[in-house]
Amino acid sequence: MTKNISVLLQLPVITSSTIVRCRSCRTYINPFVSFIDQRRWKCNLCYRVNDVPEEFMYNPLTRSYGEPHKRPEVQNSTVEFIASSDYMLRPPQPAVYLFVLDVSHNAVEAGYLTIVCQSLLENLDKLPGDSRTRIGFITFDSTVQFYNLQEGLSQPQMLIVSDIDDIFLPTPDSLLVNLHESKELIKDLLNALPNMFTNTRETHSALGPALQAAFKLMSPTGGRISVFQTQLPSLGAGLLHSREDPNQRSSTKVVQHLGPATDFYKKLALDCSGQQTAVDLFLLSSQYSDLASLACMSKYSAGCIYYYPSFHRSHNPAQAEKLQKDLKRYLTRKIGFEAVMRIRCTKGLSIHTFHGNFFVRSTDLLSLANVNPDAGFAVQMSIEESLTDTSLVCFQTALLYTSSKGERRIRVHTLCLPVVSSLADVYAGADVQAVVCLLANMAVDRSVSSSLSDARDALVNAVVDSLAAYMSTASNLQQSMLIAPNSLKLFPLYILALLKQKAFRTGTSTRLDDRVYAMCQMKSQPLVHLMKMIHPNLYRIDKLIDESTIHVNDRVVPQPPLQKLSAEKLTREGAFLMDCGSIFYIWIGKNCSNNFIKDVLGYPNYASVPQKMTQLPEVDALSSERTRSFISWLRDSRPLSPVLQVIKDENPAKTDFFQHLIEDRTEAAFSYYEFLLNIQQQICK
């Protein structure tokens with residue numbers, strides 16, 4: 001079961017002095033409870049009979065009395081309650097944002113500071129919060145620098161702490177300041193920062209001590225720490241050494257170092273989580289930076305991880321543009337603070353494993369110092385007792401959080417599913433995408449706890465076992481054929497795609513940080529985005545004028561058919577768009593028509609299309625308009641704005657593009673056809 005805290009078009013928000021819950025298991029009243037009469041309701045999770053409180057008899061929507069079953073809580077499976085003080089351990093915290101910035105020589109050379117400061121300047125007024133919002137900045141190289149932004153100063157004041165083994169806060173009260181009162185000083189600092197370290201000779205990185213300082217600064221309130229790092233931390237607590245052997249990148253044997261080298265970052269994250277602080281990591285690296293260790297700061301504090309390999313502001317425009325777009329979304333999207341999430345389920349079922357970024361506080365309670373709409377969670381359930389007496393089971397997740405405006409709220413989702421007894425019905429109800437995403441999460445855990453080859457075997461066995469069980473029920477089938485139920489027709493294809501994904505592939509050169517990042521994404525991406533990472537969508541786009549269209553707002557959006565992910569689909573005369581979730585590739589065939597190249601790419605012919613092209617020009621031609629309309633329609637459906645890369649045959653990025661054509665054979669992996677034969681052989685053994 002996977003879930004995503006998604007954006008809802010309609011959300012009933014309920015302000016009521018009584019929030020009605022089951023007295024026994026604390027389930028929130030929902031559409032799947034049953035009313036025995038007007039005064040009593042039966043819980044759908046533990047079956048206890050509860051009284052209906054007097055206030056609940058009145059329906060504020062219809063302004064009528066005596067119809068509890070018509071109240072919004074009982075009409076909607078997703079609702080949000082404004083919580084009373086019973087749901088607070090302390091007054092709701094303000095929004096607090098702390099930025100921790102690497103300013104070593106490496107960082108300055110990469111040029112990321114300009115983008116971060118510019119983005120912050122543009123979005124300062126759009127940061128979620130209220131009149132209490134606070135903000136602060138820490139920079140670090142071999143020392144840690146703090147910035148006094150106390151209202152009334154004529155300019156920001158830098159305070160340097162060079163004793164990194166015993167880090168302290170130089171002026172505890174003026175480092176996190178009210179955004180509105182100190183706005184001019186904050187702007188001065190953001191304008192100055194990109195040039196303050198231009199001639200630095202500092203090559204060291206004291207990330208650990210900077211994080212310890214950040215923890216001290218945030219502890220009294222909680223909030224969000226955003227860390228920007230460009231290399232291996234080399235000084236003080238949490239320092240790391242290179243563990244990657246470049247010669248082992250395409251090994252088919254053991255892949256080592258998928259877990260952390262030190263528990264420093266996990267411990268720090270747990271300390272932060274205890275003080276309602278999440279740590280988000282932006283890793284902008286040009287060489288190995290041990291993401292397996294660094295990622296722990298976000299994994300266990302409910303933070304998020306962003307990764308920009310080979311980042312350089314001028315040499316790598318695609319990554320620079322991606323950072324810019326990601327920051328715009330990151331700084332302005334909704335955020336919840338000091339949250340906990342609990343998942344309840346019907347008697348007879350139990351929850352045993354959670355996937356995502358959080359700290360598990362008790363068996364069914366997740367501690368989420370921050371929550372955001374782009375985070376996904378997956379849950380593994382097991383059936384503990386026989387469900388023969390029941391025809392339905394329910395799941396309810398409740399997220400208690402503080403909004404950026406300082407309101408304590410409870411978001412409740414309730415899901416009800418039928419219980420079936422025949423295997424055919426079980427298969428008919430299978431959701432292949434949820435199955436694949438859950439297996440991906442389980443495979444990441446197996447890779448770290450056991451080995452990558454174990455995880456790969458387990459993925460193949462999942463296909464073999466489920467199809468073998470299905471085929472054994474259909475006794476009249478010929479054993480020589482591979483048969484799958486309709487719901488699982490794509491199961492083998494998706495698992496093959498997973499085996500060829502950066503997280504799990506072997507025999508193809510894969511940088512350790514790239515592999516680890518792919519694993520981090522598997523554990524924290526919502527299902528729709530994860531599926532595009534695993535199995536991208538391929539479209540032919542040089543004939544969009546002829547395709548059928550839909551109308552969205554006032555745009556005409558072409559709907560080209562999906563193509564198989566195979567090189568045989570790529571004709572030299574065509575142009576193809578591959579949507580991988582966070583990146584769009586446009587592959588141009590050598591003999592693609594000059595009209596398309598001129599109208600859509602803005603160049604006279606194939607030869608003149610440049611190597612590093614990341615944007616489509618606005619050309620006054622129908623094919624240009626349709627192509628741009630199609631791409632922006634795809635873009636609109638996701639939180640992080642994907643970057644675009646135009647690819648020609650001689651482009652180095654071509655390998656990335658071709659590695660996504662998962663139906664084809666490679667030196668190290670089966671084609672789809674061979675994979676199906678292999679599955680069939682294993683079933684017939």
Side-chain angles (χ1 to χ4, degrees), residues 1 3 5 8 10-89 339-352 361-366 379 381-402 407-419:
M1 168 180 165
K3 76 171 282 291
I5 299 174
L8 289 155
Q10 262 181 315
L11 175 68
V13 177
I14 298 161
T15 312
S16 166
S17 54
T18 34
I19 294 176
V20 180
R21 300 175 68 178
C22 172
R23 287 179 55 190
S24 177
C25 71
R26 308 299 291 146
T27 291
Y28 293 81
I29 198 166
N30 62 76
F32 310 108
V33 305
S34 42
F35 284 92
I36 291 163
D37 52 41
Q38 277 204 337
R39 294 285 174 185
R40 292 177 306 159
W41 63 279
K42 187 177 180 183
C43 174
N44 51 325
L45 267 65
C46 74
Y47 311 125
R48 174 180 175 138
V49 175
N50 295 274
D51 295 332
V52 173
E54 182 60 38
E55 192 197 344
F56 205 75
M57 297 297 288
Y58 176 72
N59 184 351
L61 286 186
T62 55
R63 299 195 178 160
S64 57
Y65 185 83
E67 298 180 317
H69 60 285
K70 288 192 176 166
R71 280 187 55 116
E73 300 95 314
V74 191
Q75 291 288 322
N76 297 282
S77 58
T78 291
V79 293
E80 183 145 282
F81 296 100
I82 305 284
S84 61
S85 54
D86 312 350
Y87 291 87
M88 301 173 200
L89 293 170
V340 285
M341 182 159 75
R342 183 171 254 127
I343 301 180
R344 296 179 171 87
C345 49
T346 298
K347 220 163 92 175
L349 296 175
S350 75
I351 296 169
H352 62 84
R361 204 181 288 176
S362 63
T363 47
D364 61 347
L365 189 72
L366 304 184
V379 187
M381 307 259 171
S382 54
I383 300 174
E384 297 290 320
E385 299 163 28
S386 162
L387 298 174
T388 42
D389 304 340
T390 171
S391 60
L392 297 170
V393 290
C394 288
F395 307 93
Q396 186 178 78
T397 134
L399 175 78
L400 170 64
Y401 71 98
T402 298
E407 269 185 326
R408 203 74 178 134
R409 290 176 164 233
I410 310 163
R411 174 83 54 98
V412 180
H413 297 290
T414 313
L415 171 72
C416 181
L417 296 173
V419 175

Taking all non-hydrogen atoms of both residues into account, name the closest pair between [X] and [Y] and its distance.
X	Y	result
Ala83	Ile19	CA-CD1, 4.4 Å
Glu384	Ser350	OE2-OG, 3.0 Å
Leu399	Ala339	CD1-CB, 4.2 Å
Cys394	Asn44	SG-ND2, 3.3 Å

Donor-acceptor under 3.5 Å ([X] side chain, [Y] main chain):
X	Y	value
Gln75	His69	yes
Gln38	Gly66	yes
Asn59	Lys70	yes
Arg344	Leu45	no
Arg71	Tyr58	yes
Asn30	Tyr28	yes

Answer yes or no: is there a side-chain heavy-atom contact under 4.5 Å between Thr18 and Phe56? no
Applying salt bridge (charged side-chain N to carboxylate O under 4.0 Å, His left out) as the test, list every pair that has at least one member in residues 49-64; sequence neighbours left out. Arg39-Glu54
Run the salt bridge (charged side-chain N to carboxylate O under 4.0 Å, His left out) test against Glu80 and tell me which residues pass, sequence neighbours left out. Arg409, Arg411
Got more than 12 heavy atoms from elsewhere within 6.0 Å of CZ, Arg21? yes
